[in-house]
Number of protein chains: 2
Amino acid sequence: MEQCSIKLGATLHFCQDGVMTSPSSRSARRIDALSKERIVDAAIAILDADESDGAALTLRRLMTRLETGSGAIYHHVATMDELRAAAADQVLRPQFEAISSESEPNDALRAVARAIFESIRAHPWIGVQLTRSPLQDAVIRIWKTIGIQLERLGLRGAAAATAGSTLTSFVLGSVAQFGAGPSRHMGAADRREYLETLAQEWAQLDGDIVVQDIASQLREHDDLQQSLDGVDLILRGIAARPTS
Amino acid sequence: MEQCSIKLGATLHFCQDGVMTSPSSRSARRIDALSKERIVDAAIAILDADESDGAALTLRRLMTRLETGSGAIYHHVATMDELRAAAADQVLRPQFEAISSESEPNDALRAVARAIFESIRAHPWIGVQLTRSPLQDAVIRIWKTIGIQLERLGLRGAAAATAGSTLTSFVLGSVAQFGAGPSRHMGAADRREYLETLAQEWAQLDGDIVVQDIASQLREHDDLQQSLDGVDLILRGIAARPTS
DNA sequence: ACCTGAACACCGTTCAAGT
DNA sequence: ACCTGAACACCGTTCAAGT
């Protein structure tokens with residue numbers, strides 16, 4: 001029977017408001033009370049600690065880190081998917097809040113791609129997460145940011161919807177394509193080697209000269225530049241008047 | 001102790017070449033021997049039976065359907081992920097083999113988007129699968145098909161790589177965005193209702209008039225048309241000469 | 001209200017053993 | 001070579017019970 005014992009971990013038991021209270025007069029609350037915010041922070045820490053794809057985040061790992069039971073976590077968070085979505089949005093939010101102030105709409109749209117790729121570099125698991133569900137906060141945030149810039153470009157109605165949908169799809173697709181690639185732990189040399197192998201793999205798949213050409217081109221580019229080139233291409237398409 | 005008993009399921013035991021043989025003279029092989037092909041077919045059947053996201057495919061469900069043990073399946077297939085990739089490619093392959101013969105490159109590129117969206121309509125789980133891994137056969141197939149058409153358009157080198165990367169990313173992103181949307185079980189009315197709800201949800205998220213505008217536009221469009229519009233926009237961008 | 005922890009119903013993968 | 005099935009090391013979620 002342990003009462004008001006102080007664990008050497010992150011938690012104090014049977015204590016409140018920073019003051020030790022007699023166990024009989026207070027209910028059993030932790031001083032560092034759980035909250036959705038604290039849980040999301042722990043989730044991000046777990047995801048960041050492991051390289052790439054996000055499989056590291058597990059309810060049980062969360063339990064050990066927060067020194068609590070599953071029920072406590074489920075009291076603040078409805079589901080693990082919700083938690084993943086919250087983690088992704090929390091990481092993306094600050095990057096995106098800086099964007100609206102960009103002077104030129106086209107630059108702001110390029111900044112969207114840059115923000116996402118830089119977030120992936122720091123938190124590789126975001127790549128997989130963003131393509132998981134189209135209604136999650138982070139994706140809607142991307143949509144909205146793009147939409148606002150398109151409006152500044154003078155687009156309205158169907159044209160705005162088409163342009164917005166195209167840019168959003170492109171950005172998410174880039175993430176899907178490059179997100180699972182070489183991780184942040186790779187140096188430039190490892191990166192080149194990875195892409196080299198990939199290019200050769202492609203080339204071997206069939207002797208097609210077209211594929212070989214493209215594969216060898218890809219080897220030279222880095223993800224971010226590739227993505228920015230794509231944004232520029234789409235911006236040219238937006239600027240061009242529909243032919244029909 | 002059962003020998004050469006005929007199960008009423010899909011399998012016969014201790015029999016071979018359609019002829020019942022004495023158990024003592026033959027080893028214990030099944031007449032409908034397992035093969036990667038048979039396993040992939042079963043996987044597709046399981047995935048198709050369940051609506052949407054592909055969580056239905058499970059080793060244990062595969063075991064019951066094929067009336068076998070886990071070891072038997074792992075003898076033909078290295079991992080469940082490989083199986084998912086094989087299932088997706090088997091479904092996509094026939095759709096894509098028809099495309100190369102399209103007369104006009106631009107039409108062929110539009111046909112790529114159409115092929116993918118029609119595959120998703122018939123097999124909703126493909127949406128999630130395609131965004132899972134960038135090196136899976138189905139994705140490489142998409143890449144190659146697009147690459148070949150871009151070559152027919154006269155693109156080479158860096159321009160081909162940028163255009164190919166952009167189109168592929170866009171198509172995969174569309175899939176990520178719309179793949180998890182209303183399932184094939186929805187009628188047109190349900191669809192409208194779903195998108196209506198989505199538009200309102202977006203609008204509520206903040207009072208931003210830009211977002212409301214775009215959301216209400218999206219409500220009118222269907223996935224395929226949206227995707228084709230995007231392809232056209234990108235094709236205009238490809239046709240336009242780079243400004244720098 | 002907030003938390004505990006056992007219980008439930010699952011997963012994918014491995015591997016010694018059989019024929 | 002091909003298959004069996006037990007065992008292993010996990011999952012997310014629920015819920016009666018505690019304070």
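Numbered from 1 within each chain, the chains take letters A, B, ... in sequence-line order. Given the structure is predicted, the values throughout are model-derived calculations rather than measurements.
A:Gln136 pairs with exactly one of A:Glu82, A:Arg141, A:Gln129 by the side chain to side chain donor-acceptor pair (under 3.5 Å) rule, that one being A:Gln129.
One interatomic measurement links the two molecules: CE of A:Met63 to P of C:dA7, which rounds to 14 Å at whole-angstrom precision. The interatomic distance linking A:Ile39 (CD1) with D:dT13 (P) rounds to 13 Å, in whole Å. Whole-Å rounding puts the B:Leu57 CG to C:dG12 P distance at 8 Å. Atom CG in A:Leu59 sits about 11 Å away from atom P in D:dT14, given to the nearest Å. Between the P atom of C:dG12 and the CZ atom of B:Arg60 lies a distance of 7 Å, rounded to the nearest Å. Rounded to an integer number of Å, the gap from CG of A:Leu62 to P of C:dG5 is 16 Å. One atom, NZ of A:Lys36, and another, C1' of C:dC3, lie 19 Å apart when rounded to the nearest Å. When rounded to the nearest whole Å, the span between CD of B:Glu67 and P of D:dC3 equals 14 Å.
Relative to the side chain of B:Ala33, the nucleotides C:dT13, D:dT13, D:dC3 differ in distance, and D:dC3 lies closest. Among the nucleotides D:dC3, C:dC11, C:dC3, the one closest to any side-chain atom of B:His75 is D:dC3.
With hydrogens and angles disregarded, a donor-acceptor distance shorter than 3.5 Å links the side chain of A:Thr64 to the backbone of A:Arg61.
Along DNA chain C, the nucleotide closest to B:Tyr74 and the one closest to A:Ile73 are compared, and the more 5′ of them pairs with A:Ile73.
Contact annotation: A:Arg61 does not reach the phosphate of D:dC10 (side-chain N/O to OP1 or OP2, under 4.0 Å). A sub-4.0 Å separation between OP1 or OP2 of C:dC3 and a side-chain N or O of A:His76 is present. In this structure, A:Thr68 does not reach the C:dC3 phosphate: none of its side-chain N or O atoms is under 4.0 Å from OP1 or OP2.
Counting heavy-atom neighbours within 6.0 Å of B:Gln225 CD, excluding the residue itself, gives a total above 12.
The gap from the C1' atom of C:dC3 to that of D:dC15 amounts to 13 Å, rounded to the nearest Å.
In the interface, the side chain of A:Ser70 is not paired with the base of C:dA7 through any donor and acceptor atom under 3.5 Å apart.
When both pairing distances are held under 3.5 Å, D:dC2 makes a Watson-Crick or G-U pair with C:dG18. Nucleotide C:dG12 is matched to D:dC8 when pairs are restricted to Watson-Crick or G-U wobble geometry with both distances under 3.5 angstrom.
For the atom pair A:Leu172 CG and A:Gln177 CD, the distance stands at 12.5 Å (nearest 0.5 Å).
A:Glu118 pairs by the side-chain hydrogen bond (donor to acceptor under 3.5 Å, both in side chains) definition with nothing, not counting sequence neighbours.
Contact check of residues 77-87 of chain A against DNA chain D (heavy atom, cut-off under 4.0 Å) returns A:Thr79, A:Met80.
The side-chain heavy atoms of A:Leu130 and A:Ile142, taken from C-beta on, include a pair separated by under 4.5 Å. For the pair B:Ser70 and B:Met63, the minimum side-chain heavy-atom distance is below 4.5 Å.
B:Leu62 and B:Ala43 get closest at one heavy-atom pair: CD1-N, 3.9 Å.
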